[in-house]
Amino acid sequence: MIDMNESLSQLVSDALQGEKYPIAKIISRIETEKNLEFRESLFKELSLQKPDFKEGLTIGITGTPGAGKSSLLGELCKMFLDFAPDKKMAIVAIDPSSNVSGGSILGDRTRVTLPRRDTRLYFRSQPSQLELGGLNPYTYHVIRFLRRVFDYVFVETVGIGQNEISVSLISDLSFLVMQPLGGDQVQFMKSGIMEVPEAFIINKCDEESLANSSYYMLQSTLEFIKDILPNHTLPPIFKTSVTKRKGIEELLQYILHYEKRKDKNAETLTQLTQWIRNEYGRWGISIWEGLESSKWNQAVKRNPLGGIQKLKYEEEERKIVSSIKTKIK
């Protein structure tokens with residue numbers, strides 16, 4: 001919790017300088033229940049102190065358990081310090097929670113070795129809290145905050161299955177990490193997640209022949225489903241090996257030169273809808289759809305550009321809470 005004697009203004013000021021302790025304190029407060037008022041104050045203060053900000057690029061990294069996501073991310077971090085000395089990056093790693101105890105060992109950080117006092121890097125672990133989709137219930141708001149502080153924000157999900165696409169909904173650039181011989185063409189095609197990533201990574205390419213076999217199999221599968229892919233173009237496929245330090249520089253250069261940003265209005269709508277469904281179910285969704293603001297929101301959905309007005313999550317959330325309280329009375 002934030003000490004009442006410690007002003008939010010000072011914490012935000014220190015966080016914008018990359019100081020780890022203030023960033024951690026702010027995130028801890030975001031990760032508590034009933035944090036709407038705090039989030040309102042936080043983003044207002046961020047806008048005051050950094051009015052002309054450019055949001056950092058959000059990179060989602062997802063894949064099956066054991067694909068080597070954490071080790072690969074660790075190597076990317078080390079290389080990032082050399083290739084982008086004037087940039088800052090943050091990592092949010094989601095670890096699975098136990099269905100029995102509810103706990104999580106947060107083991108991803110053991111595979112990522114970072115300089116302790118370097119303000120260009122920040123690492124945060126989160127338990128999944130048994131949420132489906134690979135993310136934590138508070139991940140979205142943590143990412144929104146980190147985008148204001150860092151140039152690049154990496155989100156590593158828990159090991160996922162065939163249709164968990166939550167990370168792609170909050171990422172500008174999402175990668176699906178696979179390993180050689182991870183499945184045949186039928187396995188690839190029946191995976192809903194195959195249609196979502198902007199790029200693919202075949203990791204653990206220590207053995208060249210196995211890596212090439214999987215590469216060409218994945219490439220031919222993507223050719224087959226090209227008509228349903230964005231822009232009807234094949235996404236890039238990277239072959240990497242942490243052991244041999246192969247392909248990682250090429251991957252990092254692709255990330256550093258990636259310019260596209262997804263529409264944040266559509267992202268806000270998606271996350272609001274998910275929050276309402278989790279909190280209030282279908283009844284809450286029906287109220288949301290009846291709000292005046294949602295009529296405009298429907299126009300946003302039809303027009304991905306979202307017009308000139310930017311949706312503010314906290315304002316929309318307060319409208320919904322107020323409407324639901326009125327209905328209950």
Side-chain angles (χ1 to χ4, degrees), residues 57-77 79 93-94 96 108 111 132-135 152 154-260 262:
L57 182 76
T58 309
I59 302 102
I61 297 182
T62 190
T64 56
K69 300 184 293 296
S70 300
S71 299
L72 177 61
L73 196 50
E75 286 300 314
L76 278 173
C77 289
M79 202 166 284
I94 320 297
D108 283 339
R111 304 180 193 276
L132 298 177
L135 300 178
Y152 297 90
F154 288 79
V155 186
E156 182 199 343
T157 72
V158 300
I160 51 85
Q162 293 180 336
N163 59 0
E164 290 93 337
I165 61 172
S166 295
V167 71
S168 69
L169 302 177
I170 63 170
S171 302
D172 299 304
L173 170 62
S174 57
F175 291 95
L176 177 61
V177 183
M178 315 171 77
Q179 51 189 323
L181 303 182
D184 59 11
Q185 287 178 303
V186 175
Q187 186 73 22
F188 287 151
M189 285 189 288
K190 73 178 184 179
S191 300
I193 198 171
M194 294 293 292
E195 303 156 15
V196 176
E198 278 73 36
F200 291 81
I201 300 172
I202 301 177
N203 195 28
K204 298 187 177 181
C205 292
D206 307 330
E207 170 52 54
E208 192 71 25
S209 61
L210 294 179
N212 288 335
S213 174
S214 293
Y215 177 88
Y216 292 120
M217 191 179 297
L218 175 59
Q219 189 177 53
S220 64
T221 302
L222 292 173
E223 284 275 5
F224 188 78
I225 63 173
K226 185 169 67 174
D227 290 342
I228 61 174
L229 295 174
N231 302 320
H232 306 297
T233 56
L234 292 181
I237 304 172
F238 296 91
K239 293 188 293 181
T240 60
S241 169
V242 174
T243 304
K244 295 187 176 182
R245 299 178 66 85
K246 182 175 67 176
I248 299 173
E249 181 179 338
E250 180 187 1
L251 174 61
L252 178 61
Q253 291 295 344
Y254 177 78
I255 294 170
L256 293 177
H257 291 91
Y258 193 84
E259 294 291 338
K260 294 181 182 178
K262 289 184 180 176

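- Scanning for ring-ring contact (aromatic ring centres under 6.0 Å, His included) contacts around Tyr152 gives Phe80, with sequence neighbours left out.
- Residues passing the side chain to side chain contact (heavy atoms under 4.5 Å, CB included) test with Ser171 are Thr58, Val167, Ser174, sequence neighbours excluded.
- Side-chain atoms of Phe200 and Pro235, non-hydrogen and from C-beta on, do get closer than 4.5 Å to each other.
- Using modelled atom types, no side-chain atom of Lys204 and backbone atom of Met178 make a donor-acceptor pair closer than 3.5 Å.
- Rounding to the nearest 0.5 angstrom, the gap separating the CG atom in Leu173 from the CD atom in Glu259 is 12.0 Å.
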Give the table of side-chain donor-acceptor pairs shorter than 3.5 Å for residues 237-245, with sequence neighbours excluded, one pair per line with atom names and distance.
residue, atom, partner, partner atom, Å
Lys239, NZ, Asn212, OD1, 2.6
Thr240, OG1, Asn203, OD1, 2.8
Ser241, OG, Asp206, OD1, 2.5
Ser241, OG, Lys244, N, 3.1
Lys244, NZ, Asp206, O, 2.7
Arg245, NH1, Glu75, OE1, 2.5

Please tabulate, for side-chain N and O atoms in residues 247-257, each donor-acceptor pair with protein atoms closer than 3.5 Å (sequence neighbours left out).
residue, atom, partner, partner atom, Å
His257, ND1, Gln253, O, 2.8

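- Between Pro180 and Glu207, the closest side-chain pair of non-hydrogen atoms is not below 4.5 Å.
- A heavy-atom distance below 4.5 Å is not found between the side chains of Lys69 and Phe175.
- One distance of note links CG of Asp172 with CG of Leu57; it measures 5.0 Å at 0.5 Å rounding.
- Going from atom OG of Ser213 over to atom CG of Leu218 covers 11.0 Å, rounded to the nearest 0.5 Å.
- For the atom pair NZ (Lys246) and SG (Cys205), the distance works out to 6.0 Å, reported to the nearest 0.5 Å.
- Residues passing the side chain to side chain contact (heavy atoms under 4.5 Å, CB included) test with Glu223, sequence neighbours excluded: Lys226, Leu234.
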